[in-house]
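Worksheet: the structure to be examined is printed underneath.
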Amino acid sequence: MKTLISREEIQSRVRELAGQIARDYRDRDLVMVGILKGAFVFLADLARHVDLPLEMDFVAVSSYGKDTKSSGVVRIIKDLDIDIRGRDVIVVEDIVDTGLTLSYIADMLRQREPSSLEICALLNKPEARKVELEVKYCGFEIPMLFVVGYGLDHAERYRHLPYVGVLEEAAE
Ligand code: 5GP
């Protein structure tokens with residue numbers, strides 16, 4: 001495993017993003033929506049540094065499974081518990097690759113008429129994008145590599161790693 005982004009780099013960037021969110025959402029009605037499973041580590045760290053009242057909820061979608069290539073097929077396994085109508089939503093994702101997953105989820109959530117909806121992703125692979133998607137809060141832009149750690153898995157392994165690494169045998 002090769003380290004791509006260290007624990008220290010992640011922690012310092014997460015604090016910066018949280019500070020930016022806290023400034024932007026003062027006096028608003030923030031709901032942070034994490035996409036399971038990959039975003040759980042990022043959302044847990046991020047939310048603890050956002051010094052504002054907020055609520056959290058989760059959506060679970062089908063993932064790559066044991067495959068490392070995007071199928072473009074998104075299946076909702078767990079929907080939100082709370083009503084987001086009229087509220088200020090930030091969708092929190094681990095990584096934006098083709099953008100298909102998030103654009104599907106964002107469209108679905110927009111139909112519920114939140115007063116605003118923005119996207120926060122720890123990692124972004126702009127070269128892999130297949131659909132247009134605005135990522136307002138982005139941790140790091142990375143090249144077309146298959147990465148694991150800090151919530152990201154390969155066949156359910158490596159999610160617990162405190163850093164982001166490149167799994168050499170699964171490189172795209
Ligand atoms: P997209 O729909 O943007 O192509 O893919 C988004 C999802 O694909 C992410 O939430 C993540 O589950 C998975 N994914 C994309 N790139 C990577 C990667 O480099 N490593 C891992 N572990 N998952 C990835």
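Counting starts at 1 for both ligands and their atoms, following the listed order. Sequence positions, counted from 1, serve as the residue numbers for this chain.
Counting heavy atoms closer than 4.0 Å to ligand 1, residue Lys130 contributes nothing at all. Contacts of Lys125 with ligand 1, taken as heavy-atom pairs under 4.0 Å, involve the side chain alone.
Not a single donor-acceptor pair under 3.5 Å links the side chain of Thr3 to the backbone N or O of Ser6. The backbone N or O of Asp153 sits nowhere less than 3.5 Å from a side-chain atom of Arg157 that would complete a donor-acceptor pair.
Near Leu100, meaning under 4.0 Å from any of its heavy atoms, are these atoms of ligand 1: 2 (O), 3 (O). Those atoms of ligand 1 with a heavy atom of Thr101 less than 4.0 angstrom away are 1 (P), 2 (O), 5 (O), 6 (C).
Closest to atom 21 (C) of ligand 1 by heavy atom, among Val147, Leu145, Val166, is Val147.
Note: an N/O pair closer than 3.5 Å links Gly99 and ligand 1 by distance alone. On a distance-only criterion, Leu152 and ligand 1 share no N/O pair closer than 3.5 Å. For ligand 1, the polar-atom distance check finds an N/O of Asp97 within less than 3.5 Å of one of the ligand's N/O atoms.
Ile95 counts as a contact of ligand 1, since one of its heavy atoms falls under 4.0 Å from the ligand. Between His154 and ligand 1 there is no heavy-atom distance shorter than 4.0 Å.
Ion pair Lys125/Glu141 not flagged as a salt bridge, since none of the NZ, NE, NH1 or NH2 atoms sits closer than 4.0 Å to an Asp/Glu carboxylate oxygen.
Looking at Phe58 and Ile35, their side chains never come closer than 4.5 Å, going by heavy atoms from C-beta outward. Annotation: side chain of Leu4 is not in contact with side chain of Phe140 (no heavy-atom distance under 4.5 Å). The side-chain heavy atoms of Ile76 and Met108, taken from C-beta on, include a pair separated by under 4.5 Å.
Taking a 6.0 Å sphere around CG of Asp79, one finds it holds more than 12 heavy atoms contributed by other residues, nucleotides or ligands.
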